[in-house]
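The model shown is predicted, which means the values in this text are computed figures rather than measured ones.
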Amino acid sequence: MFELTGQVALVTGSSRGIGYEAAKALSRQGATVVLNGRDAAGLQAAADALRQDGGDVHTAVFDVADVDVARAAVDALLQSLGSIDIFFANAGVQHREPLASYALADFERIVFTNLTAQWALGRHLAAAMASRGHGRIIFTGSITALQGRRDITAYTAAKAALHGIVRQWAAELADSGVTVNAVAPGYIRTELTQALWEDEQFNSWLKDRVPQKRWGSPQDVAAAVVYLAARESGFVTGQVLAVDGGTTAVL
Ligand code: NDP
């Protein structure tokens, strides 16, 4: 099960963290993977590591928020690789600031990268997938879209809207062979959450609040991505799968 040989997966934001581990897991299932990020050197290092692991790996350096450049890069990939069967729309950014001092420019930047850019690139790929009668689109949502948390207003707004897009696109693409789902990670130990896992007070709050009493790992999320990417999950669409150690299931 979950064999991906012959399929091409584009994973945005995959030079490190959740995206990197998802790309590695997809590659180990046999997929050709395309890594993406803004920093060319970081991306090259990630690609080298995955090739050492035996993967068939390509790289595409672009900022997802640079919508025209991202679209052109995807078109070039479609030309050179023939298809993109799996799109893990994972690149995302965070900005922490209390509501009263949250600048409009920051709100717009975070919403544009985490939502608008995902919509633009995902829509482009959805059309290419639908024309071939098969595809898997997986967004990275967040449990903060399900339960409120202070200081991250733009991030939460964008992720909640992504969860909405999942259901809307599932309806629109239902008879095209393309499924649309999201993973909603809980607290995962990556560079994005470094300020939190270095904070003793936060760690003790987390141990109380997360039923499994631990940080999630990028591998925890990668396993869910492989499932949603596989042909075997073809009857699953429009779903948001929380990967959170029980956090959203338990008060
Ligand atoms: P990291 O900061 O560890 O990694 C982010 C990755 O995305 C890097 O490869 C980075 O590379 C790339 N990236 C960032 N911005 C852009 C951009 N504009 N265009 C292209 N690539 C970009 O983050 P995580 O792995 O923790 O997060 C991945 C996703 O998971 C995000 O969408 C995040 O919101 C979500 N998430 C994370 C949680 C957590 O607890 N860690 C919880 C819930 C959701 P580069 O800097 O070179 O561009």
Side-chain angles (χ1 to χ4, degrees), residues 12-13 15-19 37-39 63-67 70 88-123 138-169 180-218 220-221 224 238-251:
T12 61
S15 57
R16 58 177 189 268
I18 291 169
R38 295 163 300 180
D39 172 48
D63 183 336
V64 294
D66 203 339
V67 169
F88 182 30
N90 167 74
V93 285
Q94 180 60 287
H95 179 76
R96 296 175 201 280
E97 184 75 40
L99 180 58
S101 51
Y102 211 109
L104 181 60
D106 286 326
F107 184 88
E108 287 184 333
R109 177 175 59 84
I110 295 296
V111 169
F112 194 87
T113 300
N114 290 348
L115 174 63
T116 314
Q118 312 300 324
W119 178 85
L121 202 55
R123 180 178 69 149
I138 304 153
F139 290 104
T140 303
S142 171
I143 63 164
T144 62
L146 306 170
Q147 295 184 324
R149 173 118 195 126
R150 57 175 303 137
D151 295 347
I152 54 170
T153 178
Y155 180 86
T156 297
K159 295 294 190 182
L162 272 187
H163 292 192
I165 283 180
V166 162
R167 291 184 281 270
Q168 208 278 328
W169 286 14
V180 187
N181 294 288
V183 286
Y187 285 100
I188 311 295
R189 201 179 152 114
T190 66
E191 203 170 300
L192 192 84
T193 49
Q194 186 166 358
L196 301 179
W197 47 261
E198 286 180 347
D199 177 343
E200 232 170 83
Q201 224 179 338
F202 186 85
N203 275 298
S204 79
W205 172 84
L206 181 136
K207 288 221 166 84
D208 273 350
R209 179 64 189 86
V210 178
Q212 289 191 358
K213 299 194 183 306
R214 68 165 174 98
W215 282 88
S217 71
D220 289 323
V221 184
Q239 300 304 308
V240 177
L241 177 55
V243 183
D244 66 353
T247 306
T248 49
V250 174
L251 269 178

*Measure the shortest side-chain to side-chain distance between Leu162 and Gln118 over non-hydrogen atoms and say whether it is less than 4.5 angstrom.*
yes

*asked:* If we ignore hydrogens and angles and just use 3.5 Å, is the side chain of Gln94 paired with the main-chain N or O of Thr193 as donor and acceptor?
replied: no

*If you measure from the Lys or Arg side-chain nitrogens to the Asp or Glu carboxylate oxygens, is any gap between Asp220 and Arg214 under 4.0 Å?*
yes

*Is a side-chain donor or acceptor of Thr144 paired with a backbone partner of Thr156 at a separation under 3.5 angstrom?*
no

*Between Arg167 (side chain) and Gln239 (backbone), is there a donor-acceptor pair under 3.5 Å?*
no

*Kindly indicate whether the side chain of Asp106, heavy atoms from C-beta on, has any atom under 4.5 Å from the side chain of Glu97.*
no

*Thr190/Trp197 under side-chain contact (heavy atoms from CB on, under 4.5 Å): CA gap, chis, key distance, verdict*: CA-CA 9 Å; Thr190 66; Trp197 47 261; 5.6 Å; no

*asked:* Please check: side-chain N/O of Asn181 versus main-chain N/O of Ile138, any donor-acceptor pairing under 3.5 Å?
replied: no

*With a 4.5 Å heavy-atom cut-off, do Tyr155 and His95 have their side chains touching?*
no

*Between NZ of Lys207 and CZ of Phe202, what distance do you get to the nearest 0.5 Å?*
11.5 Å

*Should the heavy atoms of other residues, nucleotides or ligands under 6.0 Å from CD of Gln201 be counted, would the total exceed 12?*
no

_Quick one, Phe139 with Trp119, criterion side-chain contact (heavy atoms from CB on, under 4.5 Å). Give me CA distance, side-chain angles, the key distance, then yes/no._
CA-CA 10 Å; Phe139 290 104; Trp119 178 85; over 6 Å; no

*Got a sec: does the CD of Glu200 have more than 12 other heavy atoms crowding it under 6.0 Å?*
no

*Determine yes or no for a side-chain-to-main-chain donor-acceptor pair under 3.5 angstrom, with Lys159 supplying the side chain and Thr140 the backbone.*
yes

*May I ask you to decide if Arg96's main-chain N or O and Asp151's side chain share a donor-acceptor pair within less than 3.5 Å?*
no

*Do Val64 and Thr113 come close enough that some side-chain heavy atom pair is under 4.5 Å?*
yes

*Going by the angle between their ring planes, with limits at 30° and 60°, are Tyr187 and Trp215 parallel, tilted or perpendicular?*
perpendicular

*Should the pair Arg149 and Trp205 be classed as cation-pi, given the thresholds of under 6.0 Å to the six-membered ring centre and 45° from the axis?*
yes

*So, do Asp244 and Pro185 sit near enough that their side-chain heavy atoms are less than 4.5 Å apart?*
no

_Would Ile110 and Leu115 count as a side-chain contact (heavy atoms from CB on, under 4.5 Å) here? Give the steps._
CA-CA 8 Å; Ile110 295 296; Leu115 174 63; over 6 Å; no

*Where the side chain of His163 meets the backbone of Ser142, is there a donor-acceptor pair that is under 3.5 Å apart?*
yes

*So do Ile188 and Ser217 actually touch side chain to side chain, heavy atoms under 4.5 Å?*
no

_Does any part of the side chain of Val93, heavy atoms only, come nearer than 4.5 Å to the side chain of Asn114, both counted from C-beta?_
yes

